[in-house]
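These numbers come from the heavy atoms of this one structure, side chains and all, not from hydrogens, waters or symmetry mates.
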Amino acid sequence: MQRSNWKRMFFLIYTGQAFSLLGSAAVQFAIIWWLTVQTESAITLTAATIASFLPNLLLGPFAGVWIDRYPRRTVMMAADALVALSSAALGAAFLQPGWPPIWFVFLMLFVRGVGNTFHAPAMQAAIPMLVPPELLAKAGGWGNLIVSISTLLGPALGALLMARLPLAPIMLVDIAGAAFAIVCLLMVTIPEIPPQREKQHLWADLQQGIRAMGDNKPLMAAFFPILAASVLYMPLGALFPLLVRVHYQGGAWHNAVVECVFSGGLLLSSLAMGLWGSMKRRFLMIASAIGALGLAAFAGGILPPEGFWGFAVCCLVMGASGTFFNVPLVAHIQETVAPKQMGKVLSLLTTAMTLATPIGLVLAGPISEAAGVRRWFAGSGLLMAAAGLLCFLTTRRYDKG
């Protein structure tokens, strides 16, 4: 497989996706803020979140089947186009007096979620077709850095646009970003796996993906500790403002500092991965990252009220830890799973991680209300550290020295 110009192809893909993600993040911010102003309802915002990630829960396991059946470049372009169509529909709706109704906004958030469900696994499955195996971790770090910057700047761009423009023209930002991403993809040649002579039934294809995931013993050894850590980790972002307000007696700018420092940790760790790659013992790196994440959350929960800046350091560690376990994990899948099964395995893993969000929120909400948010941080941090230790114990036999 010819990969001599992989860097050009790789950065061309991610340049297009950077603009697409920037536009999508800006529009997503604008939509959520519009819902906040229109309803001032926590239930509405919760329902909007559910509408966004519901497609992953419903379609995620099957998305990988289609990703592996069709050219991955085509799947990515179709996903970008679908998100752009949802923005076009919203833009047209905002031009109508008294529109759009809340249900229509939820429907468009669902459609956007469908596009995202197919896009991320398709891109992750396409990268190993371009990048040499020994450079997958570095490439993952650079890709993660580009995505992180776009995601970080998106809300700021959305807020700036909302201060100057009505909502209808703001939707054009997402359409333009998606169009640019599609043009970049048209300029890229991604080697594809040969199509199967006989198309299997959807369920048979899905079972193949489940078997491929189950046969990957190192992945399965790490899967359940990572899933447990994800259930505990996912609610932390939603609880940051409450911990800052209630325990550290902070205001809006304190919360802004926490969010920026967390994002800074994500960016710095992505840059480090892009420059140096991962450790040779990837599962040790994954386990260490989970452990560091847990200890940082624990420290954030036990620091005294005057220890806000110590908590900011904890947020830096938590932001960095996500990259240090996600990138090596994806690189392991890209290296060890057969190309014809990779989309299925990545989609199944993404669906499992998505499912961790509602489970974690259902657990964290009542416990934080009853025991206090700082106790949730401390308790979940200890459990995450234990999950990191368990990950080390279950995977150390598979690590390369």
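Side chain of Arg282 to backbone of Leu329: no donor-acceptor contact under 3.5 angstrom is found. Under the 3.5 Å distance criterion, the side-chain polar atoms of Gln334 are matched with a main-chain donor or acceptor of Gln124.
For the atom pair CD1 of Ile302 and NE2 of His247, the computed distance is 9.5 Å after rounding to the nearest 0.5 Å. The CG atom of Leu389 sits 9.5 Å away from the SG atom of Cys391 when rounded to the nearest 0.5 Å. Here the straight-line distance linking atom OG of Ser321 with atom CG of Leu293 works out to 5.0 Å at 0.5 Å rounding. Taking CG from Leu284 and OG1 from Thr395, the interatomic distance works out to 8.0 Å, rounded to the nearest 0.5 Å.
For residues 353-368, there are no salt bridge (charged side-chain N to carboxylate O under 4.0 Å, His left out) pairs, not counting sequence neighbours. Here side-chain hydrogen bond (donor to acceptor under 3.5 Å, both in side chains) pairs that include residues 212-223, with residues two or more places apart or in two chains, are Asn216-His332, Asn216-Thr336. Residue pairs that meet the ring-ring contact (aromatic ring centres under 6.0 Å, His included) test with at least one member in residues 214-233, sequence neighbours left out, do not exist here. For the ring-ring contact (aromatic ring centres under 6.0 Å, His included) condition, the pairs that include at least one residue of residues 165-185, sequence neighbours left out, are Phe19-Phe180. Within the structure, every pair that satisfies the side-chain hydrogen bond (donor to acceptor under 3.5 Å, both in side chains) test and touches residues 10-22, not counting sequence neighbours, is listed here: Gln17-Asp80, Gln17-His119, Ser20-Asp80.
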Residues 372-379 side chain polar contacts: donor-acceptor under 3.5 Å, at least two apart:
unit_1: Arg374; atom_1: NE; unit_2: Gly301; atom_2: O; d: 3.1
unit_1: Arg374; atom_1: NH2; unit_2: Gly301; atom_2: O; d: 3.4
unit_1: Arg375; atom_1: NH1; unit_2: Ala371; atom_2: O; d: 2.8

Show which side-chain atoms of residues 89-112 pair as donor or acceptor with protein atoms under 3.5 Å away, not counting sequence neighbours.
unit_1: Arg112; atom_1: NE; unit_2: Gln28; atom_2: OE1; d: 3.2
unit_1: Arg112; atom_1: NH1; unit_2: Ser87; atom_2: OG; d: 2.8
unit_1: Arg112; atom_1: NH1; unit_2: Asp174; atom_2: OD2; d: 2.8
unit_1: Arg112; atom_1: NH2; unit_2: Ser24; atom_2: O; d: 3.4
unit_1: Arg112; atom_1: NH2; unit_2: Asp174; atom_2: OD2; d: 3.2

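Here the closest non-hydrogen pair linking Leu236 and Ala297 is CD1-CB, 4.0 Å. In plain terms, the two heavy atoms of Ala299 and Cys314 that are nearest each other are CB-SG, 3.7 Å. Taking every heavy atom of both residues into account, Leu12 and Cys184 meet most closely at O-CB, 3.5 Å. Residues Pro121 and Asn116 come closest through the heavy atom pair CD-O, 4.3 Å.
Partners of Trp142 according to the ring-ring contact (aromatic ring centres under 6.0 Å, His included) rule, which considers only residues two or more places apart in sequence or in another chain, do not exist here. With sequence neighbours left out, the ring-ring contact (aromatic ring centres under 6.0 Å, His included) criterion links Phe325 to no other residue. Not a single ring-ring contact (aromatic ring centres under 6.0 Å, His included) links Phe298 to another residue, sequence neighbours left out. With sequence neighbours excluded, the residues satisfying ring-ring contact (aromatic ring centres under 6.0 Å, His included) with Tyr248 are Phe311. For Ala212, the side chain to side chain contact (heavy atoms under 4.5 Å, CB included) partners at least two apart in sequence or on another chain are Gln341, Val345.
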